[in-house]
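Structure first, commentary second.
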There are 2 protein chains.
Amino acid sequence: MQFRDTDMGATKTDLFTKEQNELAAMAKAIAHPARIAILQYLVRKNACVCGDLVEELGLAQATTSQHLKELKTAGIIQGTIEGVSVCYCINPKVWNQYHALFSNFFKEVDLSGGNCC
Amino acid sequence: MQFRDTDMGATKTDLFTKEQNELAAMAKAIAHPARIAILQYLVRKNACVCGDLVEELGLAQATTSQHLKELKTAGIIQGTIEGVSVCYCINPKVWNQYHALFSNFFKEVDLSGGNCC
DNA sequence: GATTTTGATCGTAATATTGCGATGCAATTT
DNA sequence: AAATTGCATCGCAATATTACGATCAAAATC
């Protein structure tokens, strides 16, 4: 006989705390060089439309749009319809939350006490 | 006619800078709740063996070992053979690098100048 | 030396992510 | 109104990740 997990290959989120799942989701949002590049570009330029990013990144329009969607879903950017195009920018509130939560996670580890085996 | 990219579905790392790829790789290393949980446990306990984590996480031994391997590959933890078991702990040097790089990436965004559309 | 313990690795199954062409849709322009 | 522009979404192909049972290898114990 054989137990077959219905969701094999999927992350077992139920084993972890809300905080762990959320921090992992935040990390996943920026776990792609294109999304890092988008965020850096937005920080530098303050705002831009999707077409700018297609040029800047060198990815297809569909792919770029998809990465934008993921960042938007994560809440770290926002987009507003600007006539025929869409203007994207950082959501500063969420951005600063990311800063705070990652900083907190990576708080100093004390080396005193020769921490390792 | 049809162009068929030989590496469809794979990340186009060549389009991005070394820094962008590295930061994305770092984010990916912690982009799973099990790996977050492992790191938190290690910070709390200072060190542990793989078996402890299998109990703690509730994942299969093979899965736990795989996550440990990813963290080890990323450099953020290290493992030393301790008789019949393996003792894992945070690599404080790399840990602090993560802290520094993420902190730097999420530096304050200035809201002055009503940055969005 | 056989057994046990511990963890890595292999093989496999399933879901998730990445990427792109094609298409659709809404606003603007002609 | 027709054409164009800008972007989202669909559908597909391919790679990547997650998860686990089974097996293997090394050290400790019997």
Side-chain angles (χ1 to χ4, degrees), chain A residues 1-16 21 24-25 27-38 48-55 57-74 77 79-88 117, chain B residues 1-16 21 24-25 27-38 48-74 77-88 117:
Chain A
M1 216 226 267
Q2 179 149 4
F3 284 89
R4 185 158 299 293
D5 227 310
T6 122
D7 54 6
M8 201 188 209
T11 295
K12 290 191 144 186
T13 55
D14 51 303
L15 292 178
F16 308 103
N21 283 310
K28 194 180 273 188
I30 61 167
H32 192 288
R35 295 196 288 276
I36 296 281
I38 289 172
C48 72
V49 296
C50 176
D52 298 341
L53 289 167
V54 174
E55 270 197 19
L57 301 181
L59 286 170
Q61 185 266 323
T63 308
T64 304
S65 188
Q66 196 172 287
H67 283 302
L68 283 168
K69 187 183 182 176
E70 284 179 66
L71 290 171
K72 208 164 53 177
T73 300
I77 67 170
T80 0
I81 297 171
E82 190 93 344
V84 77
S85 55
V86 175
C87 179
Y88 284 100
C117 344
Chain B
M1 216 226 267
Q2 180 149 4
F3 284 89
R4 185 158 297 294
D5 230 310
T6 122
D7 53 6
M8 200 187 211
T11 295
K12 291 193 144 187
T13 56
D14 52 302
L15 291 179
F16 308 102
N21 283 309
K28 193 179 274 187
I30 61 167
H32 192 287
R35 295 197 289 276
I36 297 281
I38 289 172
C48 72
V49 296
C50 177
D52 298 342
L53 289 168
V54 174
E55 271 198 17
E56 174 76 6
L57 301 182
L59 286 171
Q61 185 266 320
T63 308
T64 304
S65 188
Q66 196 172 285
H67 283 302
L68 283 167
K69 187 183 182 177
E70 284 180 67
L71 290 171
K72 210 164 51 177
T73 299
I77 67 170
Q78 55 200 144
T80 359
I81 297 171
E82 189 95 341
V84 77
S85 55
V86 175
C87 179
Y88 284 100
C117 343

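A note on names: the letters A, B, ... follow the listed sequences, proteins ahead of strands, and every chain is numbered from 1. In what follows, every heavy atom counts, from backbone to side chain, and hydrogens, waters and symmetry copies are set aside.
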Which of B:Val49, B:Leu71, B:Ile77 passes side chain to side chain contact (heavy atoms under 4.5 Å, CB included) with B:Tyr88? Answer is B:Ile77
Calculate the interatomic distance between B:Phe16 atom CZ and C:dG19 atom P; express it in whole Å. 6 Å
Residues at least two apart in sequence or cross-chain that pass side chain to side chain contact (heavy atoms under 4.5 Å, CB included) with B:Cys48, listed by chain then number, are B:Tyr41, B:Leu42, B:Asp52, B:Leu53
Side chain to side chain contact (heavy atoms under 4.5 Å, CB included), paired with B:Leu59, selected from B:Val54, B:Thr64, B:Ile38: B:Thr64
Rounded to the nearest Å, what distance is computed from the CG atom of residue A:Leu59 to the P atom of nucleotide C:dT17? 17 Å
Spacing of A:Lys12 atom NZ relative to C:dA16 atom P, expressed in whole Å: 14 Å
Relative to each other, are the rings of B:Phe16 and A:His32 parallel, tilted or perpendicular (30° and 60° limits)? perpendicular
Rounding to an integer number of Å, can you tell me how far A:Ile30 CD1 sits from C:dT18 P? 13 Å
Are the side chain of B:Arg35 and the backbone N or O of B:Lys28 linked by a donor-acceptor pair below 3.5 Å? yes
Spacing of A:Leu15 atom CG relative to D:dC20 atom P, expressed in whole Å: 8 Å
B:Thr13 vs A:Ile81, nearer the 5' end of DNA chain C by closest nucleotide: B:Thr13
I'd like to compare against my own output: the B/S/- annotation of nucleotides 6-12 of chain D with a strict under-4.0 Å heavy-atom distance to protein. SBBB---
What pairs with A:Lys69 under side chain to side chain contact (heavy atoms under 4.5 Å, CB included), at least two apart in sequence or on another chain? A:Thr73
Check the distance between C:dT5's C1' and B:Glu82's CD and give it to me in whole angstrom. 15 Å
Between B:His67 (NE2) and D:dC20 (P), how many Å, whole number? 9 Å
When rounded to whole Å, the CG to C1' distance for the pair B:Leu71 and D:dT18 reads 14 Å
Give, for atom CD of A:Gln61 and atom CD of A:Glu55, the distance between the pair rounded to the nearest 0.5 Å. 13.0 Å
Judged by nearest nucleotide, the residue sitting upstream toward the 5' end of DNA chain C, A:Arg35 or A:Gly83, is A:Arg35
Between A:Lys28 and C:dA16, is there a side-chain N or O to OP1/OP2 distance below 4.0 Å? no
